[in-house]
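For reference, the structure discussed in these notes is given below.
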Amino acid sequence: MCRLSGRTANMTRLLSHRFDRYKHCRSIKPSSINQSHIKMSCDGVTYEDAYSSTSGRRKRSCTNRFPLTLALLALVSCWPEAAGLDPKFDPSTRMRLVLVPADATVGSVIYRLRASDEEFEYPLQFELVGDASSSTVQIETLPCTKFNSICQANVILTRRLEPGRYYDFQVSVKDTKGGMSVQSCSITATNFTTPHDIIFPHKAGIIMVPEDAKKGTELDYVLSNKNPLFQKPVYLELWGSPLFGIRQKFISPETAEGTIFLLGQLDFEKQAMYHLTVLANDAYAEPGQDTRNIAGLEVVVIVEDVQDVPPVFTVAPPVTRLPAGLIPGDKVLQVHAEDGDKGVPREIRYGLVSEGNPFTSFFDINETSGEISLLRPLDDILALTHAGDPVLLTVIAEEVKVSRDEPPAMATTVQLAFFLPERSNSPPYFENDHYVARLEENAAPGTVLAFTDPYTPRVMDDDAGKNGVFSLTLLGNNGTFEISPNVAEGHANFVVRVRDNTRLDYETATYVHFQILAQELGPATNLSTLVNVTVYLADVNDNAPVFEQNDYIVDLPENMTAGTRVVQVHATDVDTAGLGGRVRYTQILGPHNTSLNLDPASGVVTVAINNHGFDREAMPEYHLYVEARDDDGIGNRAQVPLVIRLIDVNDETPTFEKSLYEFILAADLRNFTVPAFIHATDGDAEAPNNEVRYELIYGNYENKFFLHPITGELKLNAPLVPRSGAQSTVGGLRRRRRQAVGGVPPNLASTAITSQQQQQQQKESDVFVLTARAFDLGVPVRYSTATIRVYPPESRTRTVTFIVPGSDPDRKKVQDTLADITGGRVIIQEVRPYRTGDGGIPTDLIGGGGGGSGAGTERSVVIATILYDADSVVDIAKIQQRLSINGTVTNIISQEERSAILYKAENRVLFWLLIFLAILLALGILTLLLCCICPRCPLNATNRSPNGWDGEKPGQQRIDRPIPVPSRRIGSTEDGATLAKAH
């Protein structure tokens, strides 16, 4: 069977999905598609429909894909790596049939292809399928990176097209992982002339640019019109050189302007002419005669030379040896220089630079030809020079400026060396025939070799002048030493210094041997002398101890005792024993290093104490280092890793999370109110020492309960029979009978037991007390026990859901607080964050729910079981004390909720008060209007007395009417709640 990789399985599922949908392809009609090549897409799957070139019949691969799909599924299922998605051609550049005017020039771009890859496996490579040499076109892939959304290629015409003839070819596009797509293309030539003036209303033909033009200089511009059949505008590109660029802007919806500007510095001497091509994408094309999506325009840039390069010497030998028979007037040599500006070169004039050179007066130079000749005898020059020293001349070549408007003339100089004729000489010689020195190994670079008596580091040459000049060189040295001076004349005291101390190792070789070569530098001689030098090395303590192993790894039980042998390490030192080669083991570094002993002589590591601290449960392995030092423990040091891997032993006892577990039976006595789990953990690090099992050891006398040995879940083997009622009565009679038999009369025993004790005994008789044991699987077996109390489903046991403020409250404090509030015994079953509508709890009971995100609105849901007994008491003072101790809340609601409730209550009272005042104000205004209109009203001005008092009319009585006040029901729940909230 083949094993499918993840990518192969995905590809198999994809092919299966496409196979299920292949029937959709049968409904596609190819009548509206080019008959030479048909490509259809069915739900993202591409199928091709083409005509056979031999039979003329059309082959539909869509309808015949059933066997092929099965073959592909079988191949992909066993293929080692499934291929990714293939690249796709841009549908707008299919080249089904491209019309090209017959006057299209060879080498021009006639079409632009585009393709993309969904997996961005760029760059994509475009190629012709088949024999490219016989094709009419060639494909040029344009630069493309992973940051491009598409990749492009130019279709370039390679030969003239014949009108009316069709040219068919295929183009493929490949990604970097081998994915490939192929499309068939066809072009034909039309009897049409390309309208260049319409495509490019303004052309940039030949552009003249001086070579010193600045970057950013605008050279010329072109105009291009867009294709009237396309909505998108024309886009201009410039190809040919990175020194030029094009900046595009749209001067109208139909026309774009491209400004050609300079991007880099031009140099006439490097390149004087550039051939550029402006490509216009989606440029104007005559409908029905030309369907190309690109047009090209050739632009020529000619660089004008500027006088910016000085003259260049083409003939100027740097060293010339003068012959012995040279006389004044003889030609020594001839130099030649040319203007570096090749466009319009200037004439050159030559001369000798005399400043600071005493030998200029001994020579002459022709200013036009550059010929140098001798003016004075050679003996005069020899009298002024040292033996072997060259005569230096500086020749200048300067341009000739013939016009005032020309740039300044430029000049170039070159230095020539002339060596005078040689004289007869003798070889140099050393003061001693050999030399011996002593040196400590690893001497620092720059240390001087000390040649003591009778050795004198001196070399001499009896020749005068240049024949007495010699060089000093070391042979067979391998770069260990260096000598100075390197060149001397007549005599010199030489000094040999350390250059590289790599070979100065006493442990490798006790001495170093090399030679000193003294050789004359005369032009006609190579006389030389050799002398041997031996350097004896002195041993020093320069090597650190080396351990026999790269690291020491040991396996030990974690309960090892004092005296246990851990490991023995061993190190050696290559230095001489009397000079630090004696090794001592000095210390152990790392955790619990004080729990180990290290023998300094033998390297034996042992456990020092029983309480060593190495615990497998704390760390599986301990990494320490053992240190060794030479020179009897005070010299060079070395360290080696010591890894102690601990073997786990069963030294941890399983521990229950709680010593007492309490569960309540459901009403049907078949299960518990909540899942009953007990849990214990073992601190050992590895199995089977830390694997815990559970069992019931006491209390399960009638095998009523079952404790799962692995999960610790307590279940019922069968529904329980109530132990109260008749059974309790019978049990009481049996107990009384046993008491009578024991010598106590039944009537006296029954009178001695009060009713409260009877209730307590009945309650205790309904509670099952079990003892569970948790033990591990290690050797020896360790265990611990816990008590399980199973309560009956009586009415005094309740499961209550509480909403408490805050998130993740303290379970102990919440349990104590709820016990004080309820007066019973509280067992918390679950604590979780509160969410709006959680557990069917109405949100109006808690002030809008706890779904807010702020800290003041966070609440938690606490599900607890309340156990009541006969003497349950609720102490209000204790509740207040408990709430004040917690200090966070004083009620079921928080302080923020209380403030919100009071604020809402105050707003409600204020609203009704404003309504009442508005009604009173309206009644007052209405009363004043009526009084002003009514002539009998006492407030009317016509009824007032002249002294300003109202006249009292006889027979009228003053009636005081009370102001109507809205009635309020005494004892109304709504009013009481409103007043309570208001206060």
Side-chain angles (χ1 to χ4, degrees), residues 437-447 450 480 498 500-512 535-616 618-647 649:
R438 297 187 179 277
L439 183 68
E440 289 186 352
E441 66 170 331
N442 300 322
T447 303
T480 303
V498 177
D500 183 6
N501 61 3
T502 304
R503 295 181 60 210
L504 302 179
D505 188 1
Y506 180 85
E507 287 72 31
T508 303
T510 58
Y511 67 92
V512 178
V535 179
Y536 291 97
L537 301 178
D539 189 19
V540 297
N541 186 18
D542 61 334
N543 292 285
V546 178
F547 284 92
E548 291 182 348
Q549 300 181 21
N550 294 330
D551 55 7
Y552 292 86
I553 302 176
V554 294
D555 295 322
L556 295 174
E558 62 176 332
N559 62 347
M560 53 188 172
T561 59
T564 302
R565 180 188 175 100
V566 178
V567 72
Q568 182 177 11
V569 298
H570 187 260
T572 57
D573 194 303
V574 296
D575 289 319
T576 305
L579 296 175
R582 185 175 301 162
V583 178
R584 288 292 180 267
Y585 306 96
T586 54
Q587 61 178 334
I588 299 176
L589 305 175
H592 302 296
N593 58 339
T594 57
S595 300
L596 301 174
N597 281 333
L598 174 62
D599 189 286
S602 64
V604 175
V605 180
T606 57
V607 179
I609 55 177
N610 291 327
N611 189 18
H612 45 70
F614 292 103
D615 188 1
R616 176 61 179 82
M619 189 178 298
E621 59 184 32
Y622 289 80
H623 292 260
L624 303 96
Y625 291 89
V626 179
E627 180 184 85
R629 302 184 69 171
D630 58 14
D631 197 8
D632 206 15
I634 61 173
N636 300 320
R637 70 183 63 193
Q639 293 180 352
V640 65
L642 171 60
V643 180
I644 300 177
R645 298 188 301 199
L646 296 180
I647 303 173
V649 297

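Everything quoted here is computed from the prediction, not taken from an experiment. As a basis for the values below, the full set of heavy atoms in this structure was taken, side chains included, without hydrogen atoms, waters or symmetry mates.
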- Task: Work out which heavy atom in Thr447 is nearest to a heavy atom in Ala444; give both atom names and the distance.
- Result: OG1-O, 2.6 Å
- Give the ring-plane orientation class for Phe547 versus Tyr585, where under 30° counts as parallel, over 60° as perpendicular and anything between as tilted. tilted
- Query: What is the distance from atom CE of Met560 to atom OG1 of Thr606, rounded to the nearest 0.5 Å?
  - Reply: 10.5 Å
Would you tabulate the side-chain donor-acceptor contacts of residues 633-642 under 3.5 Å, counting partners in other chains and residues two or more places apart, or write 'none'?
residue : atom : partner : partner atom : Å
Asn636  : ND2  : Asn541  : O            : 3.4
Asn636  : ND2  : Asn543  : O            : 3.3
Arg637  : NH1  : Glu627  : OE2          : 3.2

- Indicate the atoms forming the closest heavy-atom contact of His570 with Thr572, along with that distance. CE1-CG2, 3.5 Å
- Query: Are the side chain of His612 and the backbone N or O of His592 linked by a donor-acceptor pair below 3.5 Å?
  - Reply: no
- Short side-chain to backbone donor-acceptor contact, Tyr506 and Asn442, under 3.5 Å: no
- Message: Any non-hydrogen side-chain atom of Val607 less than 4.5 Å from a side-chain atom of Val566?
- Response: yes
- Item | Side-chain (Asn593) to main-chain (Ile588) donor-acceptor, under 3.5 angstrom | yes
- Item | Pairwise distance CD1(Ile647) to CD(Glu621) - rounded to 0.5 angstrom | 12.5 Å
- Pairwise distance CD(Glu441) to OG1(Thr510) - rounded to 0.5 angstrom: 11.0 Å
- Of Asn501, Asp500, Thr480, which is the lone residue that meets side-chain contact (heavy atoms from CB on, under 4.5 Å) with Pro445? Asn501
- Find out whether Val643 and Asp551 are in side-chain contact, i.e. whether some heavy atom of one side chain is under 4.5 Å from a heavy atom of the other. no
- Query: If you look only at pairs with a residue in residues 584-600, which of them pass as a salt bridge (Lys or Arg N to Asp or Glu O under 4.0 Å), with sequence neighbours excluded?
  - Reply: Arg584-Asp632
- Does a side-chain heavy-atom distance below 4.5 Å link Leu596 with Phe614? yes
- Item | For the student: nearest non-hydrogen atoms of Val649 and Pro557, plus distance | CG1-CB, 4.3 Å
- Can you name the closest pair of heavy atoms from Leu646 and Met619 and give their distance? CD1-O, 3.9 Å
- Item | Heavy-atom closest contact (Ala571 atom, Ala628 atom, distance) | CB-CB, 4.4 Å
- Message: Strictly distance-based, threshold 3.5 Å: is any side-chain N or O of Asn597 a donor or acceptor partner for the main-chain N or O of Ala608?
- Response: no
- So with a 6.0 Å cut-off around CG of Asn611, is the heavy-atom count from everything else above 12? no
- Message: Restricting to non-hydrogen atoms, name the atom on Asp505 and the atom on Glu507 that form the minimum distance, rounded to 0.1 Å.
- Response: OD1-OE1, 2.6 Å
- Output all residues satisfying side chain to side chain contact (heavy atoms under 4.5 Å, CB included) with Pro600, sequence neighbours left out; order by chain, then residue number. none
- When rounded to the nearest 0.5 Å, the distance separating CZ of Arg629 from CG of Asp573 is 12.5 Å
- Query: Do Val567 and Val626 come close enough that some side-chain heavy atom pair is under 4.5 Å?
  - Reply: no
- Quick check: are there more than 12 heavy atoms from other residues, nucleotides or ligands sitting under 6.0 Å from CD of Glu440? no
- Message: I'd like to know whether Val498 forms a side chain to side chain contact (heavy atoms under 4.5 Å, CB included) with Leu439, so could you lay out the CA-CA distance, the side-chain angles of the two residues, the decisive distance to 0.1 Å, and finally the verdict.
- Response: CA-CA 10 Å; Val498 177; Leu439 183 68; 3.8 Å; yes
- Check for a donor-acceptor pair, side chain of Asn610 on one end and backbone N or O of Ala562 on the other, with a separation under 3.5 Å. yes
